[in-house]
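What follows is one structure encoded as structure tokens, with my remarks underneath.
Chain A is the first sequence line, chain B the second, and so forth, proteins listed ahead of strands; every chain is numbered from 1. What you see below is based on every heavy atom in this structure, not just the backbone, and it leaves out hydrogens, waters and symmetry mates.
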Amino acid sequence: MLVLEKDEMVQNFIAQQNDLKEHISLQNNFLENQISLVAGLDIAYWHKNNKEYGACCIQVFDFRSKNLIEQVSYINEITVPYISGFLAFRELPLILEAVKKLKTQPSLYMFDGNGYLHKRHMGIATHASFYLKKPTIGVAKTYYKIENIDFTMPENIAGAFTDIVIDGEVFGRTLRSRKNVKPIFVSCGNWIDLDTATNITMHFIDKDSRLPIPVRYADLATHQARKLHQDDV
DNA sequence: GCGACAG
DNA sequence: ATCTTGTCGC
């Protein structure tokens, strides 16, 4: 891809995100006791015949029992390159096709990546919410640095957190989901507040991972889907 | 030229 | 994200 083309593409991406960001809401548009199904979502990649492919997996869990209710996957060629800050444009096409295959209707979606914790407040969790039309939460495994601001390490206690504040505004939260693990980075996607997003994330933490169950299992599912696809041919 | 860089 | 085995520690 030519440098000039990429630059034009990025300008287009920024324009799209600036339109959408005007409609972000950091308030719950639901009652916490109304949450029934929570979806986790992830994508794995591989190369074949000089092309790049991706497998998007969605795992739907019952909020109270934490039982797996439904799982779907969708595999297709990936056409948009990875550009830091524009993850949604790369992953959204697969995500939307996978969502079409769902028979259940999740109350909210949890993403592997940021939401409001983004230089334009438009990480994939926030960006995707406008297409899913459901509340979303962003859960990132590594810190996405904004304006050279570092995060403050929270105490080594399960549930401890520090907020990531830039120019007086809370962008997201560094959360120690379990004792003796690296923290994760939780941020609002849309139509949810940060405390609720944190509570839901902690609700889905078990002894096996620092990541919440829906995101963790979606990640495992994408690896399995990739392996099946590769063994197939 | 060098370092940064969610997934 | 992906390429990759064993190994140290709870």
A:His229 and A:Trp46 aromatic ring geometry - parallel, tilted or perpendicular at 30°/60° bounds: tilted
A:His127 and A:Phe89 aromatic ring geometry - parallel, tilted or perpendicular at 30°/60° bounds: perpendicular
Check every strand shown and say whether [X] touches a base, only sugar-phosphate, or nothing at a heavy-atom separation below 4.0 Å.
{"X": "A:Gly85", "answer": "base"}
{"X": "A:Phe89", "answer": "nothing"}
{"X": "A:His47", "answer": "nothing"}
{"X": "A:Asp112", "answer": "sugar-phosphate"}
{"X": "A:Tyr143", "answer": "sugar-phosphate"}
{"X": "A:Ile124", "answer": "base"}

[X]/[Y] ion pair, N-O < 4.0 Å:
{"X": "A:Glu77", "Y": "A:Lys48", "answer": "no"}
{"X": "A:Asp150", "Y": "A:Lys145", "answer": "yes"}
{"X": "A:Asp195", "Y": "A:Arg173", "answer": "yes"}

Side-chain touch A:Glu70/A:Pro106, heavy atoms, less than 4.5 angstrom: no
In whole Å, I'd like the distance from the [atom1] atom of [X] to the [atom2] atom of [N].
{"X": "A:Gln230", "N": "C:dC3", "atom1": "CD", "atom2": "P", "result": "8 Å"}
{"X": "A:Asp150", "N": "B:dA4", "atom1": "CG", "atom2": "C1'", "result": "13 Å"}
{"X": "A:Lys182", "N": "B:dA6", "atom1": "NZ", "atom2": "C1'", "result": "13 Å"}
{"X": "A:Asp42", "N": "C:dA1", "atom1": "CG", "atom2": "C1'", "result": "9 Å"}
{"X": "A:Glu147", "N": "B:dA4", "atom1": "CD", "atom2": "C1'", "result": "16 Å"}
{"X": "A:Lys6", "N": "B:dC5", "atom1": "NZ", "atom2": "C1'", "result": "11 Å"}
{"X": "A:Tyr45", "N": "C:dA1", "atom1": "OH", "atom2": "C1'", "result": "7 Å"}
{"X": "A:Ile184", "N": "B:dG7", "atom1": "CD1", "atom2": "P", "result": "12 Å"}

Cation over ring face, A:Arg90 and A:Tyr45, 6.0 Å, 45°: yes
Separation of the C1' atoms in B:dC5 and C:dT2, to the nearest angstrom: 15 Å
So, OP1 or OP2 of [N]: does either fall under 4.0 Å of a side-chain N or O from [X]?
{"X": "A:Tyr82", "N": "B:dA6", "value": "yes"}
{"X": "A:Thr142", "N": "B:dG7", "value": "yes"}
{"X": "A:Arg226", "N": "C:dT2", "value": "yes"}
{"X": "A:Lys145", "N": "B:dA6", "value": "no"}

Check: A:Lys21 side chain, A:Met122 main-chain N or O, donor-acceptor pair, under 3.5 Å: no
Dot-bracket notation for DNA chain C, counting Watson-Crick and G-U pairs under 3.5 Å, with | for partners on another strand: ..........
Residue whose nearest DNA chain C nucleotide is more 5′ - A:His223 or A:Asn180: A:His223
Given [options], the nucleotide with the shortest approach to the side chain of [X]:
{"X": "A:Ser84", "options": "C:dT2, B:dC5, B:dG7", "answer": "B:dC5"}
{"X": "A:Ala44", "options": "B:dG7, C:dT2, B:dA6", "answer": "C:dT2"}
{"X": "A:Tyr144", "options": "B:dG7, B:dA6, C:dA1", "answer": "B:dA6"}

